[in-house]
Amino acid sequence: MQKIGVFVCHCGSNIAATVDVARVAEEIRKEPGVVHAEDYPYMCSEAGQAKIASAIKEKGLTAIVVCSCSPRMHEATFRKAASRAGLNPYMVEIANIREHCSWIHKDREEATEKSVILARAAVSKVNLDTPLQPGESRVTKRALVIGGGIAGIQTALDIADAGYEVDIVEKTPSIGGRMSQLDKTFPTLDCSACILTPKMVEAAAHEKITLYTYSEVESISGFVGDFTVEIRKKARSVDMSKCTGCGVCQEKCPSRKAPNEFNRGLDTRSAIYTPFAQAIPNVPVIDREHCIKFKTGKCGVCARVCQAGAIDYEQKDELITRKYGAIVAATGFDMIKLDQFDEFAYSQSPDVITSLELERIMNAAGPTKGHLEKLSDHKPPKSMVFVQCVGSRGQTCRDKSYCSKICCMYTAKHAMLIRDKYPDVDVTVFYIDVRTPGKNFDEFYRRAVEEYGVHYIKGQVGKVAPTEGGLLVQASDLLDNRQILMKTDMVVLAAAIEPDPDVRRLATMLTASIDTNNFLTEAHPKLRPVESPTAGIFLSGVCQGPKDIPETVAQAGAAAIKAVGLLAKDKLVTNPCTAKADELLCNGCSCCARVCPYGAITYEEKEINDHGIREVRRVAAVNDALCQGCGACTVACPSGAMDLQGFSNRQITAEVDAICR
């Protein structure tokens, strides 16, 4: 029997307002093994921890139970306090009486009774706890950044500047991401390419950074500090070591009907192409789907005109396997598909466009060379309507539940740029709410209204209908309580943004969590916003949630410093709460290995002494460095051979019995 001390926290009034903490301490003194129980206003404070340490030493405690808030918040705090007092940190149990009791119950008697039950369960478990010793694992001093947008570039630069090797894997032929498609940035209206290109050049030239463009992550295995990643470097059909980037092959290519992805399909490109003028690396890619040589076996013009002899039609995909200590996901975003929003006539009229398509139209390198014109007849528009929150904020069952965060500001930016360059164009914005919470954001929005004369109407657009000579917009004005029917030349839809479509596949490989909207989930929304719940995986940019460029760059730096903190260590302490097989019970059926999401279970032939009978059996072996203690194997094991250290079947059963008493 353990000598147990129980410490009940008031958490100010968070717990004490609903739970009679003194009574919890009094009731728990009656439990077997409890030799000390007390309550204190703030157990996590320095004074509270000192009380715990003092009781451990004076009472000779061999285990403690802290009744406080979630172990997710303070388990590490109390384990360290116990360790400083000479107690094994894994002889500490937390009874969560804040989130499970005081925060969800209004009745004081009910909350107090439940708190006593949870404390009793924790005491029953800790009575069966045994001291555990953490192991160690080595750290590979190299980081992987998945995604080459501004988030990935900034993260890689910060890690590389700290002295560590970094690889950037980008699935498109060039780094730059969505920011490279923008014309101007809010609220300063400076050129997007002018501030992004130096970062791209710096990343390409940095001696610690390796770029894998036109590449994808194929598989990820391993654990924090020692990930093994297989990267598929797709065949460009161009030898990067020979190509000079002269562009002659692109000029002479006879196949020029491929949709230009960089310009959002508003024009076409050649079958051999670089995405944009500032692309890094400045090496073209052959689009085999549209290349005449690959489709018919004929042509070969690009090979004939290439003086450097860089064209290689026989080039194959290359698989590269590398080891990494840390991985940063920076996979970015895309606009939602507007198939389900046909009331806006996006598929019916070329003059209904998205905001990102407008970015390309207004860009000097875009499909119209920077001239604002209707795509139907290439004439300049006389009026334009912007529709906000298309697919955002859960207005209908088709919409995303969240605010996309950047739409209000980039619409104000577009409106100002249009009115500045084309003052005769009438601009109207239909909005639900204007959200401008950033630094200098509200002033920026007010400039659009007061200085540039943009018409903002609070109301929703119900329908856009193509008519002869323009578009008919049916909308409501909520402030004047009237219906509006107006004719316009162009409609711009501020469509919701969503995570890159590949994020679900990546999350599976990383064993990372995603939310209902496919954004990667952080370990804690306030205290660990750039860390994934999976150790060694960090989050950077919009893959974690909607954000603008400054916020993305800030989070990229935060993710980088977290990764550097990991890479700076030579060894990591591993969690000892891992699965363990009872070799006498194991029948080698492989059920546990099949359900293990971390690949931590293998099998080995071992000589077993079973009650004096020696025989060689196939038994499960757990890699403690890989195992994350999820417990899936313990549930799947038909013979009951698998158990989880620190959370054994016996301990869990004892808790259940205590609750049901």
Side-chain angles (χ1 to χ4, degrees), residues 141-185 188-215 217 231 233 236 240-241 243-245 247 262 274-285 320 322 324-333 363-365 530 538-543 547-568:
K141 308 284 187 174
R142 191 181 192 94
L144 170 66
V145 176
I146 305 173
I150 184 58
I153 291 170
Q154 188 62 55
T155 301
L157 285 170
D158 288 345
I159 295 173
D161 286 344
Y164 296 99
E165 301 281 344
V166 191
D167 293 347
I168 298 178
V169 174
E170 167 57 43
K171 67 179 181 180
T172 65
S174 169
I175 59 174
R178 293 282 168 234
M179 188 175 172
S180 63
Q181 294 178 289
L182 306 182
D183 183 44
K184 300 288 192 292
T185 61
T188 51
L189 296 182
D190 48 353
C191 170
S192 179
C194 296
I195 55 180
L196 175 64
T197 304
K199 290 282 186 185
M200 295 166 60
V201 172
E202 187 181 354
H206 204 295
E207 59 180 9
K208 296 286 186 181
I209 297 177
T210 302
L211 300 181
Y212 291 108
T213 54
Y214 205 49
S215 304
V217 173
I231 301 166
K233 194 175 180 182
R236 284 177 175 261
M240 294 181 68
S241 63
C243 180
T244 60
F262 189 75
T274 50
F276 55 102
Q278 304 95 327
I280 291 178
N282 186 26
V283 177
V285 171
I320 301 166
R322 300 298 299 261
Y324 299 100
I327 298 175
V328 181
T331 48
F333 72 94
N363 192 285
V530 299
F538 306 98
L539 312 177
S540 179
V542 185
C543 69
K547 48 183 68 71
D548 57 23
I549 293 170
E551 193 178 351
T552 294
V553 172
Q555 190 184 32
I561 200 63
K562 286 291 184 181
V564 168
L566 170 58
L567 298 175

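Note: hydrogens, waters and symmetry copies are ignored here, and every other heavy atom, side chains too, is used. This structure is a prediction, so every number in the text was calculated from the model and none was measured.
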Which residues satisfy the side chain to side chain donor-acceptor pair (under 3.5 Å) test with Q278, sequence neighbours excluded? none
Report the distance from atom OG1 of T185 to atom CG of D190, rounding to the nearest 0.5 Å. 3.5 Å
Pairs involving residues 143-161, ordered by first then second residue, that meet side-chain hydrogen bond (donor to acceptor under 3.5 Å, both in side chains) (sequence neighbours left out): Q154-D158, Q154-K199, T155-S540, D161-H206
Taking only residues two or more places apart in sequence, or in another chain, which ones meet F276 in a ring-ring contact (aromatic ring centres under 6.0 Å, His included)? F262
So how far is it from L211 CG to D167 CG, rounded to the nearest 0.5 Å? 9.0 Å
Taken in chain and number order and not counting sequence neighbours, the residues that satisfy side chain to side chain donor-acceptor pair (under 3.5 Å) with E170 are T172
Is there a side-chain contact (heavy atoms from CB on, under 4.5 Å) between V166 and V328 once you walk through the steps? CA-CA 10 Å; V166 191; V328 181; over 6 Å; no
Identify the two heavy atoms, one from A160 and one from I209, that lie closest to each other, and give their separation to 0.1 Å. CB-CG1, 3.6 Å
For residues A568 and Y164, report the shortest heavy-atom separation together with the two atoms involved. CA-OH, 3.1 Å
Pairs meeting criterion salt bridge (Lys or Arg N to Asp or Glu O under 4.0 Å) with involvement of residues 550-561, two or more places apart: K405-E551
S215 side chain vs T213 backbone, donor-acceptor pair below 3.5 Å: yes
Any side-chain heavy atom of L182 within less than 4.5 Å of one from L196? no
Here the pair of heavy atoms bringing I168 nearest to G148 is CG2-CA, 3.9 Å
K184: what forms a side-chain contact (heavy atoms from CB on, under 4.5 Å) with it, not counting sequence neighbours? K413, L417
If we only count heavy atoms from C-beta on, is the I195 to M179 side-chain gap below 4.5 Å? yes
Between I175 and A203 the two heavy atoms that sit nearest each other are CD1-CB, 4.5 Å
To the nearest 0.5 Å, how far apart are CD1 in I153 and OG1 in T552? 12.0 Å
If the condition is side-chain contact (heavy atoms from CB on, under 4.5 Å), which residues does V283 pass it with, not counting sequence neighbours? R236, V238, M240, C243, P281
Sorted by chain and number, sequence neighbours left out, side chain to side chain donor-acceptor pair (under 3.5 Å) with K208 holds for none
Chi angles and distances behind the side-chain contact (heavy atoms from CB on, under 4.5 Å) call for R142, T210: CA-CA 11 Å; R142 191 181 192 94; T210 302; 3.8 Å; yes
Which atom pair, heavy atoms only, marks the closest approach of A204 to I280? CB-CG2, 3.5 Å
Which heavy atom of Y212 sits nearest a heavy atom of I320, and at what distance? CE2-CD1, 3.5 Å
Quick one: CZ on R322 to CG on L144, what's the gap to the nearest 0.5 Å? 10.0 Å
Partners passing side-chain contact (heavy atoms from CB on, under 4.5 Å) against C194 (at least two apart in sequence or in another chain): C191
Once side-chain contact (heavy atoms from CB on, under 4.5 Å) is applied, do any residues pair with A558, and if so which ones, sequence neighbours excluded? V530
Is K547 reaching over with its side chain to a backbone N or O of G541, donor-acceptor style, under 3.5 angstrom? yes
Please list, chain by chain and in numerical order, all residues satisfying side chain to side chain donor-acceptor pair (under 3.5 Å) with E165, sequence neighbours excluded. none
Just verifying a value: how many Å separate L566 CG and Y324 OH, rounded to the nearest 0.5 Å? 15.0 Å
Got a sec, which residues hit ring-ring contact (aromatic ring centres under 6.0 Å, His included) with F333, two or more places apart in sequence or on another chain? none
